[in-house]
Amino acid sequence: MEKPSLADDIAFARAMAEEGATAPTLSGRFAIMWSAITIVGFLTHWAIADNVIPVDISLVGFVWLAVGIIGGIGTAILCYSLREKPGQFTAGNKAEAAGWPVIGVIVFGMAFAIGIGVAFRDQPPVLFDMIIPMAFGFYAVMTALSVKLFGTRSGRWRVALAAIIAIMSSALVGLPELYLIAAAGIVFTQLIPGFSALRAEPKAVV
């Protein structure tokens, strides 16, 4: 199979425009993968924070380190799987490819740094909780950008839901239930839409 070039993507975008359509996002497989491992992370964090799993709370830092490592490896594999997909050079997909890795590094970098602080500097574990409002805030902004670039008006409810979770979760800091709400939020704002995006991907170049 031939790897799509910039010229191929220009032709692809032109054909989509002539049909009155917008080039689809290629982020569906990433949303599914990251949603799955993040949900596991949230549920594990909740179980530790609520003493369902009776271990020291400082271990949640290593939970998120594992999530970051698995997610990084999975992302590399998924990036390779897209090598024959058209649309990679369209504005929307280029914007997502630039924005999401930065957000991922910030979020998981903060989680790891807080974990180190909790484990070795006696920082309060509640600092982990503040990452959730920030992460959902990032997601609301990126989803709003995607709605504009890809013309997916149905995504507006995801922007609203992510923004609501980002705001309301600030009031739940310190409660283990925060992580259950975050896990549910990921299901509706990322996991389910991820499957829809995956189904809408264009066929590979042959």
Side-chain angles (χ1 to χ4, degrees), residues 3-6 8-9 12-13 22-42 45 60-116 128 130-152 155 158-159 161-163 165-166 169 182-183 185-198 200-202 204:
K3 183 178 180 180
S5 64
L6 178 58
D8 293 326
D9 272 7
F12 173 71
T22 304
T25 178
L26 298 176
S27 64
R29 62 190 67 196
F30 297 95
I32 294 169
M33 186 270 294
W34 276 108
S35 295
I37 61 175
T38 301
I39 289 169
V40 172
F42 280 144
H45 193 136
V60 296
F62 296 100
V63 170
W64 290 110
L65 175 60
V67 169
I69 292 173
I70 294 171
I73 295 172
T75 296
I77 294 172
L78 293 180
C79 284
Y80 183 76
S81 73
L82 285 175
R83 67 194 185 283
E84 294 153 1
K85 288 283 186 180
Q88 296 179 57
F89 296 103
T90 57
N93 284 305
K94 287 174 68 176
E96 288 194 331
W100 281 115
V102 175
I103 290 174
V105 169
I106 293 173
V107 171
F108 286 99
M110 286 185 62
F112 177 68
I114 292 172
I116 294 299
F128 283 112
M130 293 306 302
I131 297 176
I132 291 180
M134 181 190 68
F136 275 96
F138 277 144
Y139 180 72
V141 171
M142 282 299 296
T143 304
L145 179 62
S146 296
V147 167
K148 191 70 173 180
L149 290 172
F150 293 108
T152 52
R158 289 186 285 129
V159 177
L161 180 57
I165 294 174
S169 60
I186 291 292
V187 170
F188 291 104
T189 62
Q190 295 191 50
L191 183 59
I192 295 175
F195 283 106
S196 298
L198 186 62
E201 282 187 2

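As a basis for the values below, the full set of heavy atoms in this structure was taken, side chains included, without hydrogen atoms, waters or symmetry mates.
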(request) Taking all heavy atoms of Leu149 and all of Gly92, pick out the closest pair and write down the distance. (result) CD1-CA, 3.8 Å
(request) Please round to the nearest 0.5 Å and tell me the distance separating atom CE of Met134 and atom CD1 of Ile106. (result) 7.0 Å
(request) Evaluate side-chain contact (heavy atoms from CB on, under 4.5 Å) for Leu198 paired with Glu201, printing each intermediate quantity in order. (result) CA-CA 5 Å; Leu198 186 62; Glu201 282 187 2; 3.6 Å; yes
(message) Within this structure, what is the CG-CZ distance for the pair Leu161 and Phe136, rounded to the nearest 0.5 Å?
(response) 7.5 Å
(request) Evaluate side-chain contact (heavy atoms from CB on, under 4.5 Å) for Trp34 paired with Thr75, printing each intermediate quantity in order. (result) CA-CA 9 Å; Trp34 276 108; Thr75 296; 3.0 Å; yes
(message) Show the nearest heavy-atom pair for residues Ala163 and Ala140, with the distance to one decimal.
(response) N-CB, 3.9 Å
(request) Search all heavy atoms of Ala166 against all heavy atoms of Gly137 and return the closest pair with its distance. (result) CB-N, 3.6 Å
(message) Arg158: which residues meet the side-chain hydrogen bond (donor to acceptor under 3.5 Å, both in side chains) condition with it, sequence neighbours left out?
(response) Tyr139
(request) Could you pull out the closest heavy-atom pair between Val102 and Ala98, with the gap in Å? (result) CG2-O, 3.4 Å
(request) Work out which heavy atom in Ala135 is nearest to a heavy atom in Val107; give both atom names and the distance. (result) CB-CG2, 4.3 Å
(request) Keeping to residues at least two apart or across chains, list the side-chain hydrogen bond (donor to acceptor under 3.5 Å, both in side chains) pairs with something in residues 96-109. (result) Thr25-Glu96, Ser27-Glu96, Glu96-Ser146
(message) To the nearest 0.5 Å, what is the distance between OG1 on Thr90 and CG on Leu26?
(response) 6.5 Å
(request) Using the six-membered ring wherever Trp is involved, compare the ring planes of His45 and Phe128 and label them parallel, tilted or perpendicular (cut-offs 30° and 60°). (result) perpendicular
(request) With rounding to the nearest 0.5 Å, note down the distance linking CZ in Phe62 to CD1 in Ile116. (result) 5.5 Å
(request) Please answer whether the main-chain N or O of Leu82 pairs with a side-chain N or O of Gln88 as donor and acceptor at a distance below 3.5 Å. (result) yes
(request) Taking all non-hydrogen atoms of both residues into account, name the closest pair between Ser81 and Leu78 and its distance. (result) OG-O, 2.6 Å
(message) Please report the interatomic distance CD1(Ile69) to CD1(Ile37), rounded to the nearest 0.5 Å.
(response) 11.0 Å
(request) Report yes or no: does Thr38 contribute a side-chain atom to a donor-acceptor pair with the main-chain N or O of Ser35 at less than 3.5 Å? (result) no
(request) Working to the nearest 0.5 Å, report the span between CD1 of Ile39 and CG of Leu191. (result) 5.0 Å
